Amino acid sequence: MDNLEISDMTISDFDIISPILFSDYDNFWSAETLKSELHNENSHYIVAKLNNEVVGFAGIWKSVDNIHITNIVVKKNYRGNGIGTLLLQKLIELTKKLKFTELTLEVNANNQIARKLYSKARI
Ligand SMILES: CC(C)(COP(=O)(O)OP(=O)(O)OC[C@H]1O[C@@H](n2cnc3c(N)ncnc32)[C@H](O)[C@@H]1OP(=O)(O)O)[C@@H](O)C(=O)NCCC(=O)NCCS
(Lines give C-alpha, C1' and ligand atoms only; values in the text may rest on other atoms or scores of the structure.)
Protein backbone atom coordinates (compact mmCIF):
# COMPACT_ATOMS: atom_id res chain seq x y z
CA MET A 1 0.00 0.00 0.00
CA ASP A 2 1.33 3.40 -0.96
CA ASN A 3 1.73 6.01 1.75
CA LEU A 4 1.79 3.41 4.51
CA GLU A 5 4.26 4.48 7.17
CA ILE A 6 5.35 3.06 10.49
CA SER A 7 6.38 5.32 13.35
CA ASP A 8 6.66 5.26 17.13
CA MET A 9 3.32 5.75 18.89
CA THR A 10 2.98 9.21 20.40
CA ILE A 11 0.47 10.53 22.95
CA SER A 12 -1.32 12.26 20.04
CA ASP A 13 -1.65 8.88 18.31
CA PHE A 14 -2.98 7.41 21.56
CA ASP A 15 -5.56 10.22 21.82
CA ILE A 16 -6.80 9.30 18.34
CA ILE A 17 -6.84 5.54 18.99
CA SER A 18 -8.29 5.39 22.52
CA PRO A 19 -11.88 6.54 21.83
CA ILE A 20 -12.25 4.02 18.98
CA LEU A 21 -10.58 0.98 20.55
CA PHE A 22 -13.99 -0.61 21.06
CA SER A 23 -15.59 0.22 17.70
CA ASP A 24 -12.66 0.00 15.31
CA TYR A 25 -10.16 -2.27 17.03
CA ASP A 26 -12.38 -5.05 18.48
CA ASN A 27 -11.91 -3.64 21.98
CA PHE A 28 -8.67 -5.52 21.69
CA TRP A 29 -6.62 -3.60 24.26
CA SER A 30 -7.77 -1.34 27.07
CA ALA A 31 -7.05 2.38 26.78
CA GLU A 32 -5.68 2.51 30.35
CA THR A 33 -3.27 -0.33 29.66
CA LEU A 34 -2.16 1.21 26.41
CA LYS A 35 -1.55 4.59 28.02
CA SER A 36 0.46 3.07 30.86
CA GLU A 37 2.47 1.13 28.27
CA LEU A 38 3.47 4.39 26.59
CA HIS A 39 5.10 5.48 29.85
CA ASN A 40 6.79 2.12 30.46
CA GLU A 41 10.46 2.24 29.57
CA ASN A 42 10.44 -1.50 28.85
CA SER A 43 7.69 -1.20 26.26
CA HIS A 44 7.78 0.06 22.71
CA TYR A 45 4.71 0.82 20.61
CA ILE A 46 4.46 1.60 16.93
CA VAL A 47 1.62 2.76 14.70
CA ALA A 48 0.86 2.25 11.02
CA LYS A 49 -0.40 5.36 9.25
CA LEU A 50 -2.03 5.41 5.85
CA ASN A 51 -2.14 8.94 4.43
CA ASN A 52 -1.62 10.12 8.03
CA GLU A 53 -4.61 8.13 9.37
CA VAL A 54 -3.72 5.66 12.14
CA VAL A 55 -4.77 2.25 10.79
CA GLY A 56 -3.04 -0.13 13.20
CA PHE A 57 -0.68 -0.46 16.10
CA ALA A 58 1.58 -2.99 17.74
CA GLY A 59 3.76 -3.27 20.78
CA ILE A 60 6.44 -5.19 22.60
CA TRP A 61 7.76 -5.69 26.11
CA LYS A 62 11.47 -6.01 26.68
CA SER A 63 12.48 -8.47 29.37
CA VAL A 64 15.98 -9.47 30.40
CA ASP A 65 16.54 -12.02 27.68
CA ASN A 66 13.70 -11.71 25.23
CA ILE A 67 11.16 -9.52 23.56
CA HIS A 68 7.48 -10.33 23.80
CA ILE A 69 4.86 -9.10 21.35
CA THR A 70 1.98 -7.72 23.40
CA ASN A 71 -0.34 -6.97 20.50
CA ILE A 72 -0.76 -6.31 16.84
CA VAL A 73 -4.09 -4.89 15.79
CA VAL A 74 -5.29 -3.38 12.54
CA LYS A 75 -8.31 -1.11 12.17
CA LYS A 76 -11.27 -3.22 11.07
CA ASN A 77 -11.86 -1.58 7.68
CA TYR A 78 -8.22 -1.94 6.69
CA ARG A 79 -7.59 -5.61 7.43
CA GLY A 80 -6.35 -7.95 4.73
CA ASN A 81 -4.09 -5.35 3.11
CA GLY A 82 -0.74 -6.38 4.53
CA ILE A 83 -0.70 -3.85 7.37
CA GLY A 84 -0.44 -6.53 10.08
CA THR A 85 2.42 -8.13 8.17
CA LEU A 86 4.26 -4.80 7.96
CA LEU A 87 3.78 -4.10 11.69
CA LEU A 88 5.13 -7.56 12.53
CA GLN A 89 8.09 -7.05 10.19
CA LYS A 90 8.89 -3.78 11.97
CA LEU A 91 8.76 -5.50 15.39
CA ILE A 92 11.17 -8.14 14.08
CA GLU A 93 13.51 -5.40 12.82
CA LEU A 94 13.26 -3.65 16.19
CA THR A 95 14.12 -6.89 17.99
CA LYS A 96 17.26 -7.24 15.89
CA LYS A 97 18.19 -3.59 16.35
CA LEU A 98 17.92 -4.00 20.12
CA LYS A 99 20.26 -7.03 19.80
CA PHE A 100 17.75 -9.53 21.16
CA THR A 101 17.70 -13.01 19.65
CA GLU A 102 14.38 -14.23 21.05
CA LEU A 103 10.95 -12.89 20.14
CA THR A 104 7.94 -14.50 21.80
CA LEU A 105 4.19 -14.11 21.45
CA GLU A 106 0.96 -15.69 22.54
CA VAL A 107 -1.93 -16.28 20.22
CA ASN A 108 -5.36 -17.68 20.86
CA ALA A 109 -5.62 -21.09 19.18
CA ASN A 110 -8.91 -20.01 17.57
CA ASN A 111 -7.43 -16.88 16.03
CA GLN A 112 -6.71 -18.35 12.60
CA ILE A 113 -5.80 -15.04 10.95
CA ALA A 114 -3.27 -14.14 13.62
CA ARG A 115 -1.84 -17.67 13.46
CA LYS A 116 -1.38 -17.27 9.70
CA LEU A 117 0.19 -13.85 10.17
CA TYR A 118 2.73 -15.21 12.66
CA SER A 119 3.44 -18.46 10.86
CA LYS A 120 4.33 -16.52 7.68
CA ALA A 121 6.93 -14.43 9.51
CA ARG A 122 10.60 -15.04 8.77
CA ILE A 123 13.29 -13.75 11.08
C1 LIG B 1 -4.45 -10.34 13.02
C2 LIG B 1 -4.44 -9.01 12.30
C3 LIG B 1 -3.49 -8.06 13.03
C4 LIG B 1 -3.92 -9.22 10.87
O5 LIG B 1 -3.77 -7.95 10.26
P6 LIG B 1 -3.99 -7.77 8.69
O7 LIG B 1 -3.48 -6.45 8.31
O8 LIG B 1 -5.39 -8.09 8.33
O9 LIG B 1 -3.02 -8.93 8.14
P10 LIG B 1 -2.38 -9.06 6.70
O11 LIG B 1 -3.26 -8.37 5.69
O12 LIG B 1 -0.97 -8.63 6.77
O13 LIG B 1 -2.48 -10.63 6.45
C14 LIG B 1 -1.58 -11.54 7.08
C15 LIG B 1 -1.99 -12.96 6.77
O16 LIG B 1 -3.14 -13.29 7.52
C17 LIG B 1 -4.01 -14.11 6.73
N18 LIG B 1 -5.28 -13.40 6.55
C19 LIG B 1 -5.50 -12.05 6.55
N20 LIG B 1 -6.81 -11.80 6.43
C21 LIG B 1 -7.41 -13.00 6.35
C22 LIG B 1 -8.78 -13.41 6.23
N23 LIG B 1 -9.77 -12.52 6.17
N24 LIG B 1 -9.04 -14.73 6.19
C25 LIG B 1 -8.06 -15.64 6.27
N26 LIG B 1 -6.73 -15.33 6.39
C27 LIG B 1 -6.43 -14.02 6.43
C28 LIG B 1 -3.32 -14.35 5.41
O29 LIG B 1 -2.57 -15.54 5.50
C30 LIG B 1 -2.41 -13.17 5.32
O31 LIG B 1 -1.27 -13.41 4.56
P32 LIG B 1 -1.34 -13.44 2.94
O33 LIG B 1 -2.16 -12.24 2.53
O34 LIG B 1 0.08 -13.36 2.50
O35 LIG B 1 -2.01 -14.72 2.63
C36 LIG B 1 -5.87 -8.40 12.20
O37 LIG B 1 -6.75 -9.37 11.68
C38 LIG B 1 -6.42 -7.92 13.54
O39 LIG B 1 -6.21 -6.77 13.92
N40 LIG B 1 -7.12 -8.82 14.28
C41 LIG B 1 -7.64 -8.48 15.61
C42 LIG B 1 -6.52 -8.41 16.63
C43 LIG B 1 -5.72 -9.70 16.70
O44 LIG B 1 -6.28 -10.78 16.71
N45 LIG B 1 -4.37 -9.56 16.79
C46 LIG B 1 -3.45 -10.69 16.83
C47 LIG B 1 -3.20 -11.23 18.16
S48 LIG B 1 -2.03 -10.29 19.08
Side-chain angles (χ1 to χ4, degrees):
M1 283 181 117
D2 290 343
N3 303 322
L4 183 62
E5 291 178 355
I6 305 289
S7 52
D8 288 346
M9 188 186 288
T10 63
I11 289 291
S12 310
D13 295 327
F14 169 80
D15 289 339
I16 290 166
I17 293 167
S18 61
I20 55 170
L21 277 171
F22 186 85
S23 58
D24 292 16
Y25 290 99
D26 287 337
N27 201 21
F28 192 72
W29 199 246
S30 91
E32 300 79 58
T33 308
L34 187 54
K35 191 162 194 179
S36 70
E37 285 290 274
L38 286 183
H39 298 293
N40 181 344
E41 62 180 21
N42 292 316
S43 298
H44 193 116
Y45 276 72
I46 56 176
V47 290
K49 288 184 185 172
L50 184 63
N51 299 322
N52 288 323
E53 177 188 353
V54 177
V55 290
F57 64 92
I60 54 165
W61 279 324
K62 287 173 266 181
S63 74
V64 180
D65 52 8
N66 73 16
I67 286 200
H68 183 78
I69 295 178
T70 52
N71 60 29
I72 298 184
V73 57
V74 172
K75 210 172 179 178
K76 278 180 187 170
N77 293 347
Y78 292 91
R79 290 179 189 168
N81 289 298
I83 298 169
T85 301
L86 183 63
L87 284 165
L88 178 58
Q89 196 181 313
K90 291 291 173 182
L91 294 184
I92 292 170
E93 281 170 23
L94 184 61
T95 301
K96 289 179 180 170
K97 195 169 149 196
L98 293 170
K99 310 266 185 240
F100 281 78
T101 53
E102 195 178 312
L103 180 62
T104 63
L105 57 90
E106 280 169 30
V107 61
N108 187 312
N110 298 324
N111 192 341
Q112 297 295 343
I113 298 181
R115 287 177 64 180
K116 277 190 183 169
L117 170 73
Y118 294 137
S119 64
K120 267 179 41 188
R122 294 290 169 265
I123 299 200

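Any value given below was found using the heavy atoms of this structure, including those in side chains, with hydrogens, waters and symmetry copies removed. Residue numbers start at 1 and run along the sequence shown. The structure presented is a predicted model; accordingly, all values stated were derived computationally and were not measured.
- Minimum heavy-atom separation, Thr33 to Ser36: O-OG, 2.9 Å.
- Within the structure, ring pair (Phe, Tyr, Trp, His ring centres under 6.0 Å) pairs that include any residue of residues 4-27 comprise Tyr25-Phe57 (at least two apart or interchain).
- Rounded to the nearest 0.5 Å, atoms CG (Leu34) and CE (Met9) are 4.5 Å apart.
- When atom types are taken as modelled, the side chain of Asn111 and the backbone of Asn108 share no donor-acceptor pair closer than 3.5 angstrom.
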For this session: Mind running salt bridge (Lys or Arg N to Asp or Glu O under 4.0 Å) on Lys35 and Asp15 for me, showing each step along the way?
Result: CA-CA 9 Å; Lys35 191 162 194 179; Asp15 289 339; 5.3 Å; no

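- In this structure, CG in Asn77 is found 6.5 Å from CG in Asp24, a value given to the nearest 0.5 Å.
- Counting only heavy atoms from C-beta outward, the side chains of Leu91 and Ile46 approach each other to under 4.5 Å.
- Between the Arg115 side chain and the Asn110 main chain, no donor and acceptor come within less than 3.5 Å of each other.
- Using a 4.5 Å cut-off on side-chain heavy atoms (C-beta onward), Leu38 and Thr10 make no contact.
- Side-chain contact between Leu94 and Phe100 is absent, with no heavy atoms from C-beta onward closer than 4.5 Å.
- With Arg79 contributing its side chain and Val74 its backbone, the two residues share a donor-acceptor pair below 3.5 Å.
- Take Leu117 and apply the side-chain contact (heavy atoms from CB on, under 4.5 Å) test, not counting sequence neighbours, and it matches Ile72, Thr85, Leu88.
- Closest non-hydrogen pair, Leu87 versus Val47, comes out as CD2-C, 4.2 Å.
- The two residues Ile69 and Tyr118 have their closest heavy-atom pair at CG2-OH, 4.2 Å.
- Hydrophobic clustering of Ile, Leu, Val, Met, Phe, Trp and Tyr side chains at less than 4.5 Å, counting indirect connections, keeps Ile113 apart from Val55.
- With Trp29 as reference, Thr70 is the one residue of Thr70, Val73, Ile17 to meet the side-chain contact (heavy atoms from CB on, under 4.5 Å) rule.
- To the nearest 0.5 angstrom, Ile60 atom CD1 is 6.5 Å from His44 atom NE2.
- Between Glu102 and Thr95, the closest heavy-atom pair is O-CG2, 4.4 Å.
- For the 3.5 Å distance criterion, the side chains of Glu37 and Trp61 qualify, holding a donor opposite an acceptor.
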Problem set entry | Verdict with supporting geometry, Leu86 and Leu4, side-chain contact (heavy atoms from CB on, under 4.5 Å) | CA-CA 9 Å; Leu86 183 63; Leu4 183 62; 3.5 Å; yes

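- Taking CD1 of Ile67 as the start and OG of Ser63 as the end, the distance is 8.0 Å to the nearest 0.5 Å.
- Although no hydrogens or angles enter the test, the distance criterion places a donor-acceptor pair under 3.5 Å between the side chain of Asn71 and the main chain of Gly59.
- Around atom CD of Gln112, more than 12 heavy atoms belonging to other residues, nucleotides or ligands sit under 6.0 Å away.
- Listed by first then second residue, pairs satisfying salt bridge (charged side-chain N to carboxylate O under 4.0 Å, His left out) with a partner in residues 44-66 read Asp13-Lys49, Glu53-Lys75, not counting sequence neighbours.
- The distance from the CG atom of Asn3 to the CG atom of Asn51 is 4.5 Å, given to the nearest 0.5 Å.
- The minimum heavy-atom distance linking Ser30 with Leu21 is given by the pair C-CD1, 4.0 Å.
- A salt bridge links Lys90 with Glu93: the distance from a Lys NZ or Arg NE/NH1/NH2 to an Asp or Glu carboxylate oxygen falls below 4.0 Å.
- In terms of modelled atom types and a separation under 3.5 Å, the side chain of Lys76 and the main chain of Ser23 share a donor-acceptor contact.
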